[in-house]
There are 2 protein chains.
Amino acid sequence: MPITMDDIARLSGVNKSTVSRALAGNATVAPGTRARIEEIVRKHGYVVNQAARGLRMQRSMLIAVLIPLQHDRQQPLSDPFFMEMLGYLADSVTLHGYDLMLSKIATGSAQWLTKFQRSRRADGLILIGQSLEHAHIAEAAKTGIPLVVWGAKLPRQGYVTVGSDNIAGGSLAAAHLLAGGRRRIAFLGDPRLPEIAQRHEGYMRAHTQAGVRPDPNLTLKAGFAPDEARAAVELLLARGNAFDGIVAASDVIALAALQVLSARGMAIPREVAVVGFDDVGLAAHTQPALTTVRQEIRTGAQLLTKALLAKMEGGIARSSQIAPTLMVRESS
Amino acid sequence: MPITMDDIARLSGVNKSTVSRALAGNATVAPGTRARIEEIVRKHGYVVNQAARGLRMQRSMLIAVLIPLQHDRQQPLSDPFFMEMLGYLADSVTLHGYDLMLSKIATGSAQWLTKFQRSRRADGLILIGQSLEHAHIAEAAKTGIPLVVWGAKLPRQGYVTVGSDNIAGGSLAAAHLLAGGRRRIAFLGDPRLPEIAQRHEGYMRAHTQAGVRPDPNLTLKAGFAPDEARAAVELLLARGNAFDGIVAASDVIALAALQVLSARGMAIPREVAVVGFDDVGLAAHTQPALTTVRQEIRTGAQLLTKALLAKMEGGIARSSQIAPTLMVRESS
DNA sequence: TTGTACGCGTTATCAA
DNA sequence: TTGATAACGCGTACAA
């Protein structure tokens, strides 16, 4: 049985409230008493019980990163973009005295977000990606514990987002290929996701500006998982529509494309140029090195943390969009 | 102010203990009362407060992954090995109803591990790597909340580890290069870390078996951070001792070697063959693709979780070692 | 400067 | 089958 504040109090010959005050750095505690208490605390290695403290103070010093699982598929956490974001988030919340909590949540279940909020497991929460849950997020943001989202900025969304300017990003990618003379550029991604829809929008705009009409048959729905992405590329090939470029909605998808095309003996970038999205660490090392639209993940993590903390302190926070940049490498 | 169990009780016309029982699935609650309570709960979207529940039950349903920060350097969480491990851990603890908590801890501070245990922030904890803290870990494992470690198996260690057979791994790497005719093989890694020391031990043994005497000048201390690793390779080159192979203690270090050597115009693997350690996702995509010793991260995460849960349930757990395998690619 | 007493929101024990 | 009551370990008015 662990030692409690009451034990320390008894050993120090004071009341536990005095111990509490001493440990909290309260100035009203007499120097002598404080010294005595601290000595006993050190000697017994006493540490304040965070569960009790959390209940009393109504805060856990925990920030949750929620991972929405689509239709509770047994999908492992693997996308390097997500993992990199997680790493940077851990860094920035630690800087502010919080710990990070990771929770995989089945989005199928009703009210998953609100339920999490009410469970009071954390003081604030961060969602990576809107998934298909825009409405539910907007609803949840109104009432429960503070919430910020990495994702697309939508009109009148009712919650704070931090994210890249996805339209600009999609446009950057497509314009680059068009400038290189490509005229039949495929787009691979799931347009049901707001971020991807915007990247596709950018892809369309770049075509318009270049006076090129994109072939709708070249836009294919592709999930983020490597196997889904590969399947999409296979499908693209199977359809038989000629293409000389690919704008992928993420680096993982682009990588899948690189692999499938190489396996078919197609020359990259000569026959098909490929542009990814994210610029994960991997991107610079693929063969050929991947041209991609860089998202500022670290900055994003810092902005998310800042916005969340602002809301947690009762202030307001505004959504922000980060300008993406094109990293030209060998695949285009 | 959020709704509490008392509120639900009042609205249902019963005592809160009945509500608690109903929500816990306790069979002694009359079907009618239960239905009434559930209806009210649903209608108001009531969710049990986990802070209170945790205090009362003495468990948080949280498993902590502690990240030891050496001399509290502002180092970001970046090693892909660690991030991949984290992802798999999240998967496996979720399977058992727990959430993951990530905490960066300065190992400099006295008793950091014991302090964390006593804070009761989590029900169990996982350490990735022994760092330089073998003694403290052994001490902490005796008393506080259950604890398991990913790392090297040491004699009479007094705590449970899961890890690769590092001696075999180091041996695999060196033997492969020796078999390829290399005779002056460098080793890059920090031998103060138990895992790395064992990999180096394997490297030595392979040399002995091949009847080759390794040059001690070719063993260099290299940290896991990319810049430290690059500095080590630069140092190796600056020293001027000839070498025709490198055994790196991690893929990140191997990658740094690939970069530095390529920048110097050295041909890999013709002039220098490189073998890494980990087989992170990146390894298959470097240029040239990295030959490396594969650690079974996913299996490791599952074994760690299993061992920890066993201890948390009051049972016993044994250390386990996982056989590594050599993935031969283009860098050797 | 310190002590008393209460409450944070649950679950568990014991009666009824 | 349900209710009253006491913890769980702490922080904080308020009183002394």
Side-chain angles (χ1 to χ4, degrees), chain A residues 1-38 40-41 44-62 115-123 144-145, chain B residues 1-38 40-41 44-62 115-123 144-145:
Chain A
M1 48 233 63
I3 187 168
T4 74
M5 198 176 266
D6 250 327
D7 299 326
I8 298 296
R10 201 167 321 111
L11 292 165
S12 316
V14 295
N15 187 278
K16 76 176 169 188
S17 33
T18 304
V19 175
S20 176
R21 282 187 284 251
L23 264 37
N26 191 316
T28 71
V29 178
T33 339
R34 151 164 293 130
R36 205 166 64 247
I37 292 173
E38 281 173 351
I40 307 258
V41 163
H44 291 78
Y46 168 75
V47 179
V48 174
N49 180 318
Q50 295 300 316
R53 180 168 217 274
L55 176 59
R56 174 65 233 225
M57 310 275 286
Q58 301 281 50
R59 45 184 235 166
S60 59
M61 298 310 283
L62 241 41
K115 276 188 181 161
F116 185 88
Q117 287 177 300
R118 300 198 174 165
S119 76
R120 296 267 148 181
R121 292 210 77 164
D123 299 338
I145 62 168
Chain B
M1 48 234 60
I3 187 167
T4 75
M5 199 175 265
D6 248 328
D7 299 327
I8 299 297
R10 199 167 323 112
L11 292 166
S12 317
V14 295
N15 187 280
K16 70 177 168 187
S17 22
T18 303
V19 175
S20 177
R21 282 187 285 252
L23 263 37
N26 191 314
T28 71
V29 177
T33 356
R34 150 163 294 129
R36 203 166 66 248
I37 292 172
E38 282 172 351
I40 307 257
V41 163
H44 291 80
Y46 167 75
V47 178
V48 174
N49 180 319
Q50 295 299 316
R53 179 170 218 271
L55 176 59
R56 175 66 231 222
M57 311 269 291
Q58 303 280 48
R59 39 182 239 170
S60 58
M61 298 310 282
L62 240 42
K115 275 188 183 161
F116 185 89
Q117 287 177 301
R118 299 199 175 163
S119 76
R120 297 265 149 183
R121 292 210 80 164
D123 299 339
I145 63 169

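We name chains A, B, ... by the order of the sequence lines, and we start the count at 1 in each one.
Mapped onto DNA chain D by nearest heavy atom, A/Tyr46 and B/Thr33 fall at different nucleotides, with B/Thr33 at the one closer to the 5' end. Along DNA chain D, the nucleotide nearest B/Gln58 and the nucleotide nearest B/Ala30 are compared for position; the residue whose nucleotide lies closer to the 5' end is B/Ala30.
Residues A/Leu62 and B/Arg121 meet the side-chain proximity criterion, which asks for heavy atoms closer than 4.5 Å.
A donor-acceptor pair is defined here as one N or O able to donate and one able to accept, closer than 3.5 Å; such a pair exists between the side chain of A/Gln117 and the backbone of A/Ile145.
Remark: A/Arg59 CZ is loosely packed, at most 12 non-hydrogen atoms of other residues, nucleotides or ligands lying under 6.0 Å away.
For A/Arg53 and C/dG9, the CZ to P distance is 17 Å, given to the nearest whole Å. For the pair B/Arg59 CZ and D/dG9 C1', the interatomic distance rounds to 18 Å; values are reported in whole Å. Protein atom CZ of B/Arg21 is 11 Å distant from nucleotide atom P of C/dA12, rounded to whole Å. One interatomic measurement links the two molecules: CZ of B/Arg120 to P of D/dC8, which rounds to 13 Å at whole-angstrom precision. Following rounding to the nearest Å, A/Lys16 (NZ) and D/dC8 (C1') show an atom-to-atom distance of 11 Å. The CG atom of A/Asp7 sits 11 Å away from the P atom of D/dC8 (whole-angstrom rounding). For A/Ile8 and D/dG11, the CD1 to P distance is 13 Å, given to the nearest whole Å. Taking atom CG of B/Asn26 as the reference point, atom P of D/dT2 lies 10 Å away to the nearest angstrom.
Applying side-chain contact (heavy atoms from CB on, under 4.5 Å) to B/Met5 and the options B/Asn49, B/Val48, B/Val41 leaves one that passes, B/Val48.
Comparing D/dT2, D/dG9, D/dT5 by their nearest atom to the side chain of A/Ala52 picks out D/dG9. Among C/dG3, D/dG11, D/dA6, the nucleotide with an atom closest to any side-chain atom of A/Ser17 is C/dG3. Each of C/dC8, D/dA6, C/dA12 was ranked by its minimum atom distance to the side chain of B/Met57; first place goes to C/dA12. For A/Leu55, whose side chain is taken as the heavy atoms from C-beta onward, the closest listed nucleotide among C/dC8, D/dG11, D/dT2 is C/dC8.
Residues A/Thr4 and A/Asp6 bring no donor and acceptor atom of their side chains to less than 3.5 Å of each other.
Residue contacts shown for B/Thr18 are limited to sugar-phosphate atoms, with no base heavy atom under 4.0 Å away. Within the nucleic acid shown, A/Thr4 comes within 4.0 Å of sugar-phosphate atoms alone, with no base atom in reach, counting heavy atoms only. Counting any heavy atom pair closer than 4.0 Å across all strands shown, A/Asn15 reaches a base atom.
In this model, no side-chain donor or acceptor of B/Arg56 finds a partner on the base of C/dT10 within 3.5 Å.
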